[in-house]
Amino acid sequence: MDMISSLPDCLLHLIMSFLTAQDAVRTCILSKRWKNLWTTLPFLDFDLSKFDYDGKIDDFEQRSKKFDKFRDFVCMTLEHREASYLQRFHLSCTEMSKFNDSYDMFIQSCICYALKHNLQWLKIDYELFSPPPLGVFTCASLVDVSLFSFFPYSIRAQGNSIDVINLPCLRRLYLRGFILYQDFVNKLFSGCPVLEFLHLENCEMNFSTVNTQSLKYLKVVCSRKCRKALEKRTGQLINAPNLLSFYLRICPRIIGDKMLLKMPSLTSAVFDVHMPKYSSYAGKSNMIFGLSNVQSLILCGTGIIMDLLENGLLNCPEFSNLKDLSVKGLCLYHYFSSLVSFLNLCPNLEKLSLSHHDNCCWVHACGNQEPLRMASFKCKLLKTVDVKFFKSDSKSLQIVKYLQDITFNSIVEINMSSHSDSCLTSLHW
């Protein structure tokens, strides 16, 4: 017997966990020791895109045959499993573009099988017209759940959908492509007392309030599909007193002054907010007020930066804890004075990073803008300034010169690098 085969089952299962289910089953031909190992494997990864198929898949008929083979293999694997415990289950069938009752029933039956085996980790990439099985929201053993829907499905907590949410061990939840309502959100946080990580991607957020004591990490990524739901909303409050990290990617035209953030424990935040090309935004938003306790802040995209620098500074609180600030996608040559006004609200800042979006008006339109005006800021603890610019841009050295002139601390290190050049030149002033 070889040395690997002499290892205990738990270690061999760990090795096999890095394989797809198809490759894991194939190990049965290695030796008698491996013959039945796959039947007790606690990790199952079924991925249609990685499934070996001898035939061509040039047209829909061939893709359907591949799916039929894949479905037969999955059913065979589940039928011959001998273990009553299933720790991780991943099912991906995103290649199919035609839907029928048998496809839907297959996906649902696989999820139901996994939930009956003390499942802890569930990830489903699927294309269903019907909702996920209700057992997904009442499985007491689940710790991590990812549900990706490629067709928007309405998730409610009443009516013909979810009546009860009871996930006492759930710590991570990732939902993509769902329509979420207030009743579901209320039941979600009351039924998931230890939920710490929540990721919502391309979900229509038809709710006005989020109240959670347990949540520590929140990521919200919205697409254009979310726009109608957000425009109808009269306001939204996110009250998460124990939240440590917040990521938001959205269009500010949709938000306006409708979102209020109460996150007193927040230490890091990323606002990735972009305006449509060649559009403007004249609204006001107080979202930035809820970030005043952060230690690390990244602002991406001209939308949120212009909103912050031109509309939100008058009553903006001091960012006394902020040590690391990164600003991306802003035309520094035009808005440098406004940026400095914000820096004056960051007395303890130690690192400042400035970079430019590919479509930044720095290169395309700044020739007709007002010249950069002299300004000063009082970041006495500032140690490093990183500036990234376009290689062909002649104004970057002017920005650096102004940084040199207005920097309070003479030992500040100013680093310059080009988007088209990976080398970094450090200038010590």
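- At least one side-chain heavy atom of Met16 sits less than 4.5 Å from a side-chain heavy atom of Trp34.
- Aromatic rings of Phe106 and Phe67 (six-membered ring for Trp) have centroids within the 6.0 Å cut-off, being under it.
- Under the 3.5 Å distance criterion, the side-chain polar atoms of Asn348 are left unmatched by any main-chain donor or acceptor of Asn321.
- The pair Lys123-Asp47 does not meet the salt-bridge criterion, since no charged nitrogen lies less than 4.0 angstrom from a carboxylate oxygen.
- For the atom pair Ser92 OG and Phe46 CZ, the distance stands at 12.5 Å (nearest 0.5 Å).
- Remark: Leu381 CG to Lys383 NZ distance equals 7.5 Å, nearest 0.5 Å.
- Each of Val220, Leu260, Leu218 was checked for a side chain to side chain contact (heavy atoms under 4.5 Å, CB included) with Ile238, and the lone residue meeting it is Leu218.
- Of the possible donor and acceptor atoms, none in the side chain of Thr267 sits under 3.5 Å from a partner among the backbone N and O of Val294.
- Considering CG of Asp324 and NZ of Lys351, their distance stands at 5.5 Å, rounded to 0.5 Å.
- Between Asp23 and Arg26 a salt bridge is recorded (basic side-chain N to carboxylate O distance below 4.0 Å).
- Side-chain contact between Asn211 and Phe189 is absent, with no heavy-atom pair separated by less than 4.5 Å.
- Rounding to the nearest 0.5 Å gives a distance of 9.5 Å between NE2 of His90 and CG of Leu122.
- Using bins of under 30°, 30° to 60° and over 60° for the plane-to-plane angle, the ring pair Tyr174/His199 lands in the parallel bin.
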Item to check | CA sep, side-chain torsions, deciding dist, call: Arg33, Asp9, salt bridge (charged side-chain N to carboxylate O under 4.0 Å, His left out) | outcome: CA-CA 10 Å; Arg33 174 74 175 92; Asp9 287 2; 2.8 Å; yes

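- Donor-acceptor pairing under 3.5 Å is recorded for the side chains of Tyr85 and Gln120.
- Shown here are the ring pair (Phe, Tyr, Trp, His ring centres under 6.0 Å) partners of Tyr217, two or more places apart in sequence or in another chain: Phe197.
- Leu297 CG to Phe319 CZ: the interatomic distance, rounded to the nearest 0.5 Å, is 6.5 Å.
- Judged by distance alone, the side chain of Ser265 and the main-chain N or O of Pro241 form a donor-acceptor pair under 3.5 Å.
- With hydrogens and angles disregarded, no donor-acceptor distance shorter than 3.5 Å links the side chain of Asn202 to the backbone of Arg176.
- Counting only distance, with no hydrogens or angles, the side chain of Gln182 and the backbone of Thr209 share a donor-acceptor pair below 3.5 Å.
- Using modelled atom types, one side-chain atom of Arg81 and one backbone atom of Leu41 make a donor-acceptor pair closer than 3.5 Å.
- Taking CG of Asp272 as the reference point, atom NZ of Lys328 lies at 8.5 Å (rounded to 0.5 Å).
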